[in-house]
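Comments concern the structure below.
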Amino acid sequence: MHGYDHKKIETKWQKAWAKKGLYKTSDKVKGKDNFYLLVEFPYPSGNLHVGHWYAFSVPDILARMMRMQGRNVLYPIGFDAFGLPAENAAIKNRVNPRKWTLGNIEFMKKQIRSMGTSFDWSREILTCDPAYYKWTQWLFLQFFKRGLAYQKETPANWCPKDKTVLANEQVVDGKCERCGTQVIQKEMPQWNLKITDYADRLINDLDALDWPEQIKESQRNWIGRSEGYEIDFPLVFDDGKKYKYVLLHGYTGHASDARWQWIRRELEALGHEVIIPELPNTDDPSEEEQVEVALHATEYDERTVLFGHSLGATVAMKVVEKLTAPISRLVLAGAVVNPRFKDKKRPFEKKFSWRFDPEAIKKNAKSITVLHDPRDYAITEKQRQLIENMLNLKARLCSTTEPHFTGDREPDLLMWLRPTIRVFTTRPDTLYGGTFLVLAPEHPWIKAALQNDGHRKSVISNEAEIQRYVENAAKKTERERQESKEKTGVELMGVKAINPTTGAEIPLWVADYALMGFGTGALFGDAHDARDVAFAKKYGIPLRETIEPLFIQETGLDKIRSDEPFTERNSIHAFVKHWSDEKYMAVHYVPSDINECVSGGIEEGEDAVTAAQREIREETGYSKARFVRKLGNRVHAKYYSVERKKNMFVHFTPLLFQLEDDTQEEISASEKARHEVSWLSKEEVGRFFNRDDIRLGWSRVENDIPYEGKGILFDSGEFSGLTSDEAMPKIGEKFGRLVKHYRLRDWIVSRQRYWGVPIPIIHCATCGPVAVPDKDLPVKLPEVRDYLPDGKGKSPLAKVIKFVQVKCPRCKSSAQRETDTLDTFVDSSWYFLRYTDPKNKKKFADANKMDHWMPVDLYSGGAEHTTMHVLYSRFWQKAMFDLGLVKDKEPYVRRMNRSIILGPDGQKMSKSHGNVIDPDEVVARLGADTVRMYLAFIGPYSEVSSFPWNPDGVVGVRRFLERVWNAGQKLAVQEKRVDALRHILHKTVKKVGDDIIALKFNTAISQLMIFLNAAEKEKKIGKEQWETFLRLLAPFAPHMTDELWHSAGRKRSVHMESWPKYDESLLKDERMTMAVQINGKTRGEVTLASDSDKTVQEQAARSVVATRLQGKNVLRAIVVPGRLVNFVVAD
RNA sequence: GCCGGGAUGUCGGAAUUGGUAGACGAACACGACUCAAAAUCGUGCGAGGCAACUCGUGAGGGUUCGAGUCCCUCUCCCGGCACCA
């Protein structure tokens, strides 16, 4: 036998495997379970780097072992062949992108084959192959037909360098993810996929996935769900008749009814015009008559608010249906859409059609509000649901004075009638403290208010100033705005909002710290948000606190005892300044081991200040404490009182005192024992206090920072005294409604570039966008002369007249083909499905074949795709599921992110660093088996990290393989097994198998090394043992092991052999070494038979440390069988 | 700021999940072979100490017979999100 010639061996076996089709995978093999192992297919950039090796050759170990373990493993490969680099190369070097791409693929395939991976090349797919992209187009059209793909004129991320639009996910820090150019916003018609419809499911379904938390958390953050409440703030104007209210009364009602007249007075007082037509035949009304009167009562225009109560609501809807121009608002209270009264028939039931045209209603009313009181005797829940469904909205729940809105005064009605600004909040518990509104500069209400048609004045009196601010804000990019944390804004003069909780008039401001892209583009400012407080202070806007902090002690001696009631108490925290030094009093309260200030209860008839002065005197003796000031509002705490033996719920008033002099009275011994008093500097005392309630009070001595946390409400009407968590849903429901907002935007898939899948849509002047019929698919990418985009937003395809000019498939009139191409992430959103049936000409994949393989058992890829490809393909799968095209809601059972291989210097590999490792060179020198195995050995594969390439480390692995190679001749391979290796071999079989499944290839390899070390020590090995070892090594070093396997006289490839089994009973050695400890410290060891029992072990251990135990009192001995014996000894 | 993950020799990393910390590899040192070097083989290799022994898993505290592992407080590093109401 000769030296280890990796070149000869590796080419030999790669050819042999290919010739035999060793890795060709059947869809189903009797008696074998399928296993689908997926790695992200590469982009054909032209050259393979170490990262590719890491991505493909290491998971190959798992694929190979799974096969040996009797699984039918699909380990496919292909190329993500569309994309910009091909096109950029085409523009630069005047080559055809297809030729460039296919040439690269040819070269890279050779490189990939040199890895010795067990890819099934018969299933190779190319996304730029018309046979593949036919189905990309077909799937896109299925989405289009279900409204999941739509075209919309939207501001989109435009990369001026790549001259194309990018998805949000492809913009990093405002720059193009690909080329680093600053992205600008450009308004263009774009094809979108409705990924936002799936936002909730994309988040919720993560819970059931057994994926690394990092990946799940990234996706959650990216989708960015925030749950909160939308609350409407009514507006009032200074300039008089801005709105015209038309109020329609109900059955048996009259215009003269007290409540309508009351609302009239209230609205007129706000300067609005009010019209209340008397509807005819109020006791026996008919639709025709009433609608006629209402319709002609006045002119309906964009300033009109139409209100209908009860049957009047029905009339109002009928009126709106008939309008030709939209009105501002339609408000309905106690509305009926389908009357089925059980008790008695009403005469009007048959005189109204009860048929509505919801589309016309929605079209003719810019906004619709439905009011409902759950106690309403006339309107059932069913009725409410009917109208909600019809108009596709949620009713606002009111508490009326008379359930059917029939009280003489109905404040809720009035509240909803006035024009409103809708804000979004996650903290409705602070709503009573909302003292101003902030609108984003892009807020539509401002746009509308600033519109000046020359006839009427804007409602805003400082129009010019607002205009300037809005324009200035528009000039700045989002980044520029965020760079200056200094808040700016302008008050909107001539208009006030009404806080719905208090009825207080509050100012409206435009400020660019409100973002149109989040929530409703408007927020209410309050005293419990640092940003709002900063803004309010800058502009002198009043603030109103409504939350006092509540701390619950959960550690220490004073942690609350569960299941025990709380005793409430009013109390003080007194911070006491020294009479001359810059020092503060620090009290150590002994019974509960608390570091605090002076604290104590307020007794009957006392005020806080006297109580505090008394406590200072009692606890410390100092009698001349001068009151300086109150330190903000109260602070609440729940804790356990060690002295009272009770759970306490205490309301502290934090106060600041200064001693006038050192006058001190004698205090009792018991007080002295309970309180240890000292004087500390500001810094020291800050560190000294170890209870949150005291720290909070203390923080107010220095500065007045707003309290942003949750707590207990005060000055909040009926909700005062509740905790934030209790109050939030209550306040939210009463004044607004629960909504969810997402950061995620729809996925823009149009690309204004050549080298991609043509979007299979035809634009027709009469029919709109029309799907290309299935029979005409694929829409093939035409050849063009010039690949340069025009830079104005049209792809090079737009210049190919033959391609563009087509007949509309529907009406046959002349039409234009869509010339944008699809984002390459669309191609890769379903490629794993195609692998299951790559040659199918009739379907994207056969349902049965997908059943065999999907979902993917393990998907290994790069962390950079967490919020891109992985998210997109999850969405795609869910959309396909909804269309009945696939059976799984999730595409990947298990997903793992791979680490990065750094250069030898620990830097990211790059040409500029000069630290790039060329795998081809290393393979030529040391062999593919060595490179594969080194990469597997470099660190745990399943954890995201980064590993520097260590040239010495590769050589170390090569050394190991050479030792294996030489073992065949140096070790005496004998027929008889070597007993000394028996146990360790079984242990190795178990560990290697377990570790591979856990993707801990590094420890599997170290176990193989341990075994070889042991065998070398013995200088001999049994033939069967040797062959077992070769089978264990086969997944790691497939070429060498097959060579050795054959030279051991075997005819079949080692990769067709089955994985060795281990005997549970042989995992333990016959003799074992146990540690002997005294008080947990190792003092010796003892070796004895593995099956010895506990008492034997203890006795053996005792004799080992006998001298040390002499004269000591052994309290007890802890025996952990097989591990250690620990003697607990008294000093 | 919020959320997630992490920190172990000179380096990459192990540690049966509470049981002898540092497996395996690399680097380094010494020895053998050699005229010599490389390769190979052998030995050593956390720190301090002649030794007995002491200390040691980012820092501090706690629980436990026993803590890298569990609990509390803090520091730093990596990742995601962020004037997000």
Side-chain angles (χ1 to χ4, degrees), chain A residues 212-226 228-229 423-427 430 434 438 440 478 481-487 511-515 517-526 528-532 534-535 554-556 690 708 741-743 863 866-867 897 906 934 937-940 943-957 959-960 962-963 966 987 990-991 994 1000 1002-1010 1012-1013 1016 1067 1073-1085 1115-1129:
Chain A
E213 200 50 44
Q214 227 170 43
I215 301 178
K216 295 206 261 186
E217 197 56 29
S218 289
Q219 292 209 348
R220 284 190 201 107
N221 286 342
W222 183 263
I223 296 166
R225 175 163 68 189
S226 60
Y229 290 85
V423 304
F424 175 72
T425 181
T426 55
R427 286 292 300 276
T430 63
V438 183
E478 206 160 295
R481 274 205 224 172
Q482 290 175 15
E483 264 160 25
S484 77
K485 294 270 172 185
E486 178 71 21
K487 292 184 174 39
D512 64 6
Y513 85 91
L515 307 171
F518 184 79
T520 59
L523 59 96
F524 70 83
D526 65 80
H528 298 288
D529 181 291
R531 293 157 305 175
D532 296 340
F535 185 74
E554 270 157 348
T555 55
N690 64 0
E708 291 191 279
H741 282 291
Y742 303 92
R743 204 192 79 95
T866 302
T867 56
N897 285 351
Y934 171 64
F937 190 53
I938 200 165
E943 287 166 29
V944 185
S945 177
S946 54
F947 306 112
W949 176 278
N950 178 358
D952 291 322
V954 199
V955 175
V957 171
R959 265 202 290 264
F960 169 73
E962 278 177 15
R963 275 163 57 206
N966 293 331
K987 213 165 123 185
K990 177 175 163 53
K991 182 151 177 67
D994 290 353
K1000 289 160 106 182
N1002 53 334
T1003 48
I1005 292 170
S1006 84
Q1007 185 61 35
L1008 289 168
M1009 289 172 167
I1010 288 169
L1012 186 68
N1013 289 347
E1016 282 178 343
L1067 290 178
T1073 305
M1074 287 173 65
V1076 183
Q1077 298 182 333
I1078 295 172
N1079 286 342
K1081 289 192 174 163
T1082 307
R1083 287 289 179 256
E1085 52 185 37
L1115 297 174
R1116 64 182 164 130
I1118 291 147
V1119 181
V1120 184
R1123 300 233 61 91
L1124 56 77
V1125 181
N1126 184 21
F1127 296 103
V1128 183
V1129 168

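Keep in mind the model is a prediction, meaning the values are calculated, not measured.
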Item to check | B/U17 glycosidic torsion: syn (within 90° of 0) vs anti | outcome: syn

Checklist entry - Given that both distances must come in under 3.5 Å, which nucleotide forms a Watson-Crick or G-U wobble pair with B/C53? => result B/G48

Checklist entry - Syn versus anti for B/G62, judged by chi lying within 90° of 0? => result anti

Checklist entry - Taking the side chain of A/Glu217 as its heavy atoms from C-beta onward, which of B/G25, B/C83, B/C3 lies nearest to it? => result B/C3

Checklist outcome for this item: In whole angstroms, the gap separating C1' of B/G5 from NZ of A/Lys216 amounts to 14 Å

Checklist outcome for this item: Pairing partner of B/G18, by Watson-Crick or G-U wobble and under 3.5 Å for both distances, is none

Next on the checklist: Once you measure the plane-to-plane angle for A/His741 and A/Phe518, does it fall in the parallel (<30°), tilted (30-60°) or perpendicular (>60°) bin?
Outcome noted: tilted

Checklist entry - Within the structure shown, what part of the strands sits under 4.0 Å from A/Asp952 by heavy-atom distance: base, sugar-phosphate, or nothing? => result sugar-phosphate

Checklist entry - Taking atom C1' in both B/U69 and B/A7, what distance in whole Å separates the two? => result 14 Å

Next on the checklist: Just to be sure I understand the rule, does A/Ile1010 reach a base, reach only the sugar-phosphate, or reach nothing, if contact means heavy atoms closer than 4.0 Å?
Outcome noted: sugar-phosphate

Checklist entry - Which part of the nucleic acid, if any, lies within reach of A/Phe947 when heavy atoms closer than 4.0 Å are counted: base, sugar-phosphate only, or nothing? => result sugar-phosphate

Item to check | Nearest-angstrom distance, C1' atom, B/C55 to B/G1 | outcome: 40 Å

Checklist entry - Within the structure shown, what part of the strands sits under 4.0 Å from A/Gly519 by heavy-atom distance: base, sugar-phosphate, or nothing? => result nothing

Checklist entry - Watson-Crick or G-U wobble partner for B/G31, using a 3.5 Å limit on both distances? => result B/C41

Checklist entry - If you measure only the distance, is there a donor-acceptor pair under 3.5 Å linking the side chains of A/Asp532 and A/Tyr513? => result yes

Checklist entry - Does any nucleotide pair with B/C83 by Watson-Crick or G-U wobble geometry, both distances under 3.5 Å, and what is it? => result none

Checklist entry - Does B/G25 have OP1 or OP2 sitting under 4.0 Å from an N or O in the side chain of A/Asn1013? => result yes

Item to check | Proximal nucleotide (of B/G4, B/C84, B/G13) relative to the A/Leu515 side chain | outcome: B/C84

Item to check | Spacing of A/Phe960 atom CZ and A/Ile1005 atom CD1 [to the nearest 0.5 Å] | outcome: 8.0 Å

Checklist entry - Is the shortest distance from a Lys or Arg side-chain nitrogen in A/Glu213 or A/Arg220 to a carboxylate oxygen in the other one below 4.0 Å? => result yes

Checklist outcome for this item: Ranking B/A85, B/C24, B/C83 by distance to the side chain of A/Lys487, first place goes to B/C83

Checklist entry - Just how far, in rounded Å, is C1' of B/A26 from OH of A/Tyr934? => result 9 Å

Next on the checklist: By nearest atom, which of the nucleotides B/A21, B/A85, B/G25 is closest to the A/Thr426 side chain?
Outcome noted: B/A85

Checklist entry - Can you tell if the side chain of A/Thr1082 reaches within under 4.5 Å of the side chain of A/Gln1077, non-hydrogen atoms only? => result yes

Checklist entry - Can you tell which of B/A85, B/U20, B/A26 lies closest to the side chain of A/Asn950? => result B/A26

Next on the checklist: When you measure from the side-chain N and O atoms of A/Lys1081 to the phosphate of B/C55, is any distance below 4.0 Å, counting only OP1 and OP2?
Outcome noted: yes

Item to check | Partner nucleotide, any strand, of B/A26 [Watson-Crick/G-U, under 3.5 Å] | outcome: B/U10

Next on the checklist: Checking contacts here: which listed nucleotide (B/C24, B/C81, B/G19) is nearest the side-chain heavy atoms of A/Asn1126?
Outcome noted: B/G19

Item to check | Touch class at under 4.0 angstrom, heavy-atom based, for A/Ser218 against every strand present | outcome: sugar-phosphate

Next on the checklist: Mind checking if A/Gly521 touches a base, just sugar-phosphate, or nothing, with heavy atoms under 4.0 Å?
Outcome noted: base

Checklist entry - Which is true for A/Ile1118 with a 4.0 Å heavy-atom rule: it touches a base, it touches only sugar-phosphate, or it touches nothing? => result base

Checklist entry - Do A/Asn221 side-chain and B/C81 base share a donor-acceptor contact under 3.5 Å? => result no

Next on the checklist: Taking only the P atom of each, what is the distance from B/G5 to B/U10 in whole angstrom?
Outcome noted: 29 Å

Checklist entry - Which nucleotide in the list B/A21, B/C24, B/C65 gets nearest to the side chain of A/Thr1082? => result B/A21

Checklist entry - Among B/C65, B/A85, B/A14, which nucleotide sits nearest the side chain of A/Pro940? => result B/A14

Item to check | B/U40 OP1/OP2 closer than 4.0 Å to side-chain N/O of A/Arg959 | outcome: yes

Next on the checklist: What contact category does A/Ser945 fall into here, base, sugar-phosphate, or nothing, at under 4.0 angstrom with non-hydrogen atoms?
Outcome noted: sugar-phosphate

Checklist entry - In Å, rounded to the nearest 0.5 Å, how long is the span from CZ of A/Arg963 to CG of A/Leu1012? => result 5.0 Å

Item to check | Candidates B/C41, B/C24, B/U54 - which lies nearest the side chain of A/Arg1083 | outcome: B/U54

Next on the checklist: Both distances below 3.5 Å, Watson-Crick or wobble geometry, any strand: find the nucleotide opposite B/G4.
Outcome noted: B/C78

Checklist entry - Does one side chain, of A/Asp529 or A/Thr430, offer a donor that lies under 3.5 Å from an acceptor on the other? => result no

Checklist entry - Contact class for A/Lys1000 (heavy atom, under 4.0 Å): base, sugar-phosphate, or nothing? => result sugar-phosphate

Item to check | Atom pair CG/CZ of A/Leu1115 and A/Phe1127 - distance to nearest 0.5 Å | outcome: 12.5 Å

Next on the checklist: Over all strands shown, is A/Glu213 touching base, sugar-phosphate only, or nothing at heavy-atom distances under 4.0 angstrom?
Outcome noted: sugar-phosphate

Checklist entry - With a 4.0 Å cut-off on heavy atoms, is A/Asp526 in touch with a base, just the backbone sugar-phosphate, or nothing at all? => result nothing

Item to check | Inter-nucleotide P distance (B/G9, B/A59), Å rounded | outcome: 10 Å

Checklist entry - When we call it a touch if two heavy atoms are under 4.0 Å apart, what does A/Gln1077 touch: a base, just sugar-phosphate, or nothing? => result base

Checklist entry - Distance check: side-chain N/O of A/Arg1116 vs OP1/OP2 of B/C65, anything under 4.0 Å? => result yes

